[in-house]
**Student:** 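Please find one structure pasted underneath; my questions will follow.
All chains are named by letter (A, B, ...) in the order of the sequence lines, taking the proteins before the strands, and each is independently numbered beginning at 1. This one's a predicted model, so the numbers in the text were calculated from it and none came from an experiment.
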Amino acid sequence: MQDKYDPSTVERLAQEHWERSHAFRAVEDPARPKYYCLSMFPYPSGKLHMGHVRNYTIGDVLTRHHRMRGYNVLQPMGWDAFGLPAENAAMAHGVPPAKWTWDNIAYMKRQLRSLGFAIDWDRELATCAPGYYRWNQWLFLRMLEKGLAYQKTGVVNWDPVDQTVLANEQVIDGRGWRTGAVIEKREIPMYYLAITRYADELLAALDALPGWPERVKTMQANWIGKSFGVRFAFPYELDGRREKLWVFTTRADTILGVTFVAVAAEHPLATRAAKRDARLAAFIDECRRGSVMEADLATMDKKGMPTGIFVDHPLTGEKLEVWVGNYVLMGYGEGAVMAVPAHDERDFHFAKKYGLPIRQVIDVPGERFSLEAWQEWYADKQRGHCIHSGRYDGLAFDAAVEAVAADLEARELGSKRVVWRLRDWGISRQRYWGCPIPLIHCGRCGTVPVPDDRLPVVLPEDCVPDGTGNPLAKRRDFVECACPKCGGAARRETDTMDTFVDSSWYYIRYAAAGNDAAMVDERVGYWLPVDQYIGGIEHAILHLLYSRFWTRVMRDLGLVAFEEPFQRLLTQGMVLNEIFYRKPESGRITYYNPAEVEKRTDDKGMRCAAVLKADGLPVESGGIGTMSKSKNNGVDPQALIERYGADTARFFMMFASPPEQTLEWSDSGVEGSHRFLKRVWAFAGAVREAVASASGVPAELSAPLARVRREVHLNLRQANHDFQKFQFNTVASAAMKMLNALEAAPERGEGRAAVIREGMSILLRLLSPIAPHICHGLWRELGFGDDPLDAPWPQPEEAALACEHIELVLQVNGKTRGVLTLPASAAREHIEHAALASEAAQRHMAGKPARKIVVVPGRLVNVVV
RNA sequence: GCGAAGGUGGCGGAAUUGGCAGACGCACUGGAUUUAGGUUCCAGCGCCCCACGGCAUGCGGGUUCGAGUCCCGCCCUUCGCACCA
């Protein structure tokens, strides 16, 4: 055994052992309970970042822990390989996205291997491989057959200079990132998946997911957004024709407070009004500029312009003017809204700005009628009752909505409706590096699906996009084809699929790895659903919701027998680091990587300065933020692994904070983790001979040795409890406490050797999911066996935990005044007696009689005077 | 703007869910070892006070014998918002 802990050797030997013995190959075995542990697959961006290391270490800890508990474990890995960054790299470096992607995959796979994850690499997949994405296409065609996939128009960001569609990310302050051109909203035909048909089920089934964090379920429920309301129409006459302007509201109780109606710039009524009003046409044109992002729309200045068109209030007949509002969106609901300035904050500001009437129709008893009062009232809409509303006066929310809906229905102008915030999923992307949509456009036959036996529609891999137009549309060898129906010349669809399609079912494909004949097979029935899914909180809504939808579609096609793909979900927090920068008087801000900065502290350990190592001059601290290129505060996992080894990297990631919280990077924290592993190594070396000669733990131990043993078993019990809670940071500290206790074990001789032998066998097994290489090495050195991975998980022993005396906290009036040491078996009367008799209690009771004594067994006794 | 989560020493965090606030680690201080730096080991370490003791879990109220934990109201930070993945 080497004296010094040398991670590179230890890790190489362990990894060779796992490789040689195919230790992580998962084989279906109906006789054993299975555990499918899945981490969100990475986008092959170039190299691993700390978020990956954290994600996959969490998954690996769970994988190894469950394996030691006797489960048949599957932990696969793959690549979310289609996407925009590959096209950006192509534009920047002239390299085809395919080559860039495959090179990245090769490099990142080596990095993952060097971290020693217990991954079954035989099941590896990449979504950009035709053998994978052909099943995207196949399932899309099934959805088309069922009417679940359909075509309609959608709004996109259009760069008029490059003649191309831009992603939201590529629009900066309303301009194209490459051209600087003002972006326009443009409506184009797209394909949609009808996720809204599953809205009810997706919402209701959230209750059946006890293994999901509440916050994720809440966010999904809000995203789906079931609401009850009334759809109704404002009748009007225009150009001699009677017509109706439809709107939807969840607040029909305020219908008598409507003072105007607002429509989207793209609304047909706006278009018609613009024909005879040049200023309005210009305003509508202005509304078309800017990004399509919801957050931008919600925070921008609310602007509007009257159309000169008036509609009738459906209940009173009052004339109300129609306005065009830039905050009304054509894609949502009816593209028109009723405006009630008195009871809606946005309408209120709009009305104030343009001098429109404000009419209060709800009274909230006890509230002054200020803007603040409205906001408060709005947050709790069940409060208050109708006023100035004629026959609805005095009605509360529910009754008022019912009455209004009934009256609208009687006039055939509206009815109650259930509406969803959730919208159908637009999957068309006018981009190259994605899965081709398997359709052919024929002049005679229309849009024709590519027959199953001609799948996959293969994406040409030698394209180099240049940022203009649609790259696939320029490829004649791709576009030109024969119509499958009539055989005539036809044009292939050039849109590709949203990459969320690729990631909506990859976890199912791992189980059917290598099957070229079918999307799924019987192995799916064994492994799925996923028992534990681990990934970033940023995916809490879209990816998880799309996966739940896609799985249900597969269920309805008879492909799988389950509907919830992920039984339990762990959403891991982001990895943060300090931000340092300099901002010159004029010119651009420069960010410095924390590794280039020296942090100085005063003699109390308080930060007093930060200077750049290169020039010794101060830099500004920009606080803490997620590791990113733009803030130049990333830490390269590769450098960390090379310097300290994979085990230190893994241990630090687990120790620094609980998985669900953000993790702050700390160089000295890494040092501390490394120090601990070095101590484990050194201690194992020091006790090796004693352990070799030790026998079982004797029934009678000296009191100090019994305390050491108790400490080990107490911490094991704590750690087992923490594993249930996914709280690996305290598992790591339990391992540290065990080592502290074992190092402090007194005496020499047989009893000590036995306690240390048992303690080390527990410690190494407890630590092995987190730092598997060093534990593998020491497990062998100490003669416990081949690998702790194949040893049973340790359990605390009652006999080791038992003790004769307990300590009770003594409080007087709820304030801690001392500690009572009593026999563990002491009865309540005995405890009360001992408390009253204690010197500390006497002193603080100041002669007053005890009014009440609260005894919490095993914890405290509180004397109330 | 809407939705969600989180604020505890100089720092990361702990507190078995209403029961000793600050485990474990980092940083810092003192000491030992070392030619020195580093390493390793020992001790100290929330704030105020000589001490008794008092004050402390973002801020302000409340419930309770007892509140970091529960309730109400503020303030701040982070994440998501449908074409980044």
**Student:** Between A:Phe728 and A:Phe655, does the ring centre distance come in under 6.0 Å?
**Tutor:**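 Ring-ring flag for A:Phe728/A:Phe655: false, centres at least 6.0 Å apart.
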**Student:** Are A:Trp79 and A:Tyr506 close enough that their ring centres sit under 6.0 Å apart?
**Tutor:**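 No, the ring of A:Trp79 stays outside the 6.0 Å limit from the ring of A:Tyr506, centre to centre.
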**Student:** Which part of the nucleic acid, if any, lies within contact of A:Asn862, taking any heavy atom under 4.0 Å across all strands shown: a base, the sugar-phosphate backbone alone, or nothing?
**Tutor:**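 Base contact - A:Asn862 has a heavy atom under 4.0 Å of at least one base atom.
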**Student:** Contact class for A:Ser428 vs. all strands (heavy atom < 4.0 Å): base, sugar-phosphate, or nothing?
**Tutor:**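 If one applies the 4.0 Å heavy-atom cut-off, A:Ser428 turns out to touch a base.
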**Student:** Taking atom P of B:rA5 as reference, at what distance in whole Å does atom CD1 of A:Ile541 sit?
**Tutor:**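 For the pair A:Ile541 CD1 and B:rA5 P, the rounded distance is 12 Å.
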**Student:** What is the base-pairing partner of B:rG73, counting Watson-Crick and G-U wobble geometry with both distances under 3.5 Å?
**Tutor:**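 For B:rG73, the partner nucleotide comes out as B:rC59, under the 3.5 Å rule.
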**Student:** Hey, which sits more toward the 5' end of RNA chain B by its nearest nucleotide, A:Lys302 or A:Arg851?
**Tutor:**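 Nearest-nucleotide comparison on RNA chain B picks A:Lys302.
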**Student:** The side chain of A:Ser668 is closest to which nucleotide in this list: B:rC26, B:rC79, B:rA82?
**Tutor:**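 Comparing B:rC26, B:rC79, B:rA82 against the side chain of A:Ser668, the answer is B:rC26.
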**Student:** Assess whether atom NZ of A:Lys303 is packed by more than 12 heavy atoms of other residues, nucleotides or ligands within 6.0 Å.
**Tutor:**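 No, the 6.0 Å shell around NZ holds no more than 12 heavy atoms from other groups.
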**Student:** Measure from the side chain of A:Met736, starting at C-beta and using heavy atoms only, and say which of B:rU17, B:rC24, B:rC26 lies closest.
**Tutor:**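 When the side chain of A:Met736 is considered, B:rC24 is the closest of B:rU17, B:rC24, B:rC26.
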**Student:** What nucleotide among B:rC81, B:rG19, B:rC41 has an atom nearest to a side-chain atom of A:Leu542?
**Tutor:**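 My answer, after comparing the listed nucleotides, is B:rC81.
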**Student:** Return the value, rounded to whole Å, for the distance between atom CZ of A:Arg421 and atom C1' of B:rA4.
**Tutor:**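 From A:Arg421 CZ to B:rA4 C1': 12 Å.
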**Student:** Want to settle it: does A:Glu664 or A:Arg423 sit nearer the 5' end of RNA chain B, counting the closest nucleotide to each?
**Tutor:**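 Nearer the 5' end of the strand: A:Glu664.
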**Student:** When we call it a touch if two heavy atoms are under 4.0 Å apart, what does A:Arg675 touch: a base, just sugar-phosphate, or nothing?
**Tutor:**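 Answer is sugar-phosphate: A:Arg675 comes under 4.0 Å of backbone atoms only.
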**Student:** Considering every strand and a 4.0 Å limit on heavy-atom distances, what is the contact class for A:Trp223: base, sugar-phosphate, or nothing?
**Tutor:**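 If one applies the 4.0 Å heavy-atom cut-off, A:Trp223 turns out to touch a base.
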**Student:** With respect to the side chain of A:Val864, which nucleotide from B:rC65, B:rG13, B:rC79 is positioned closest?
**Tutor:**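 Of the candidates, B:rC65 comes closest.
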**Student:** Between A:Arg548 and A:Gln220, does the side chain to side chain donor-acceptor pair (under 3.5 Å) criterion hold? Intermediate values first, please.
**Tutor:** CA-CA 11 Å; A:Arg548 297 179 62 222; A:Gln220 289 221 350; 2.9 Å; yes
**Student:** Base, sugar-phosphate, or nothing for A:Asp722, non-hydrogen atoms under 4.0 angstrom?
**Tutor:**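 Answer is nothing: A:Asp722 stays at 4.0 Å or more from every strand.
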**Student:** Which one is paired to B:rC11, where only Watson-Crick or G-U wobble pairs with both distances under 3.5 angstrom count?
**Tutor:**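 B:rC11 is paired, partner B:rG25.
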**Student:** Nearest to the A:Ala656 side chain among B:rA85, B:rA14, B:rG12, which nucleotide is it?
**Tutor:**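 Ranking B:rA85, B:rA14, B:rG12 by closest atom to the A:Ala656 side chain puts B:rG12 first.
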**Student:** Charged N to carboxylate O below 4.0 Å: is that the case for A:Glu743 and A:Arg679?
**Tutor:**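 A salt bridge is present here (some side-chain N lies under 4.0 Å from a carboxylate O).
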**Student:** Which nucleotide wins on minimum distance to the side chain of A:Gln661, given the candidates B:rA14, B:rA4, B:rG80?
**Tutor:**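 Selected nucleotide: B:rA14.
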**Student:** Using the P atom as the reference point in each nucleotide, state the distance between B:rC26 and B:rC65 in Å, no decimals.
**Tutor:**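 Comparing P positions in B:rC26 and B:rC65 gives a spacing of 43 Å.
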**Student:** When you get a sec, tell me which of B:rC26, B:rC20, B:rA4 is the closest nucleotide to the side chain of A:Met219?
**Tutor:**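 Nearest listed nucleotide: B:rA4.
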**Student:** Could you give the distance separating B:rA15 and B:rC24 at their C1' atoms, to the nearest angstrom?
**Tutor:**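 Roughly 12 Å separates the two C1' atoms.
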**Student:** Closest to the A:Glu538 side chain: B:rA85, B:rC20, B:rC65?
**Tutor:**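 Nearest nucleotide to the side chain: B:rA85.
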**Student:** Considering every strand shown, what is the Watson-Crick or G-U wobble mate of B:rA4 when both distances are under 3.5 Å?
**Tutor:**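 When the pairing criteria are applied, B:rU78 turns out to be the nucleotide that pairs with B:rA4.
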**Student:** Students often get this wrong, so: under 4.0 angstrom with heavy atoms, is A:Phe500 touching a base, only sugar-phosphate, or nothing?
**Tutor:**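 Base contact.
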**Student:** Base, sugar-phosphate, or nothing for A:Val171, non-hydrogen atoms under 4.0 angstrom?
**Tutor:**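 Nothing: the residue A:Val171, judged by heavy atoms under 4.0 Å, touches no strand.
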**Student:** Name the closest nucleotide to the A:Ala167 side chain, picking from B:rA14, B:rC84, B:rC81.
**Tutor:**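 Output: B:rC84.
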**Student:** If you check the A:Arg817 side chain, which of B:rA85, B:rG53, B:rA27 turns out closest?
**Tutor:**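 Ranking B:rA85, B:rG53, B:rA27 by closest atom to the A:Arg817 side chain puts B:rG53 first.
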**Student:** Considering every strand and a 4.0 Å limit on heavy-atom distances, what is the contact class for A:Arg215: base, sugar-phosphate, or nothing?
**Tutor:**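 Sugar-phosphate, no base atom in range.
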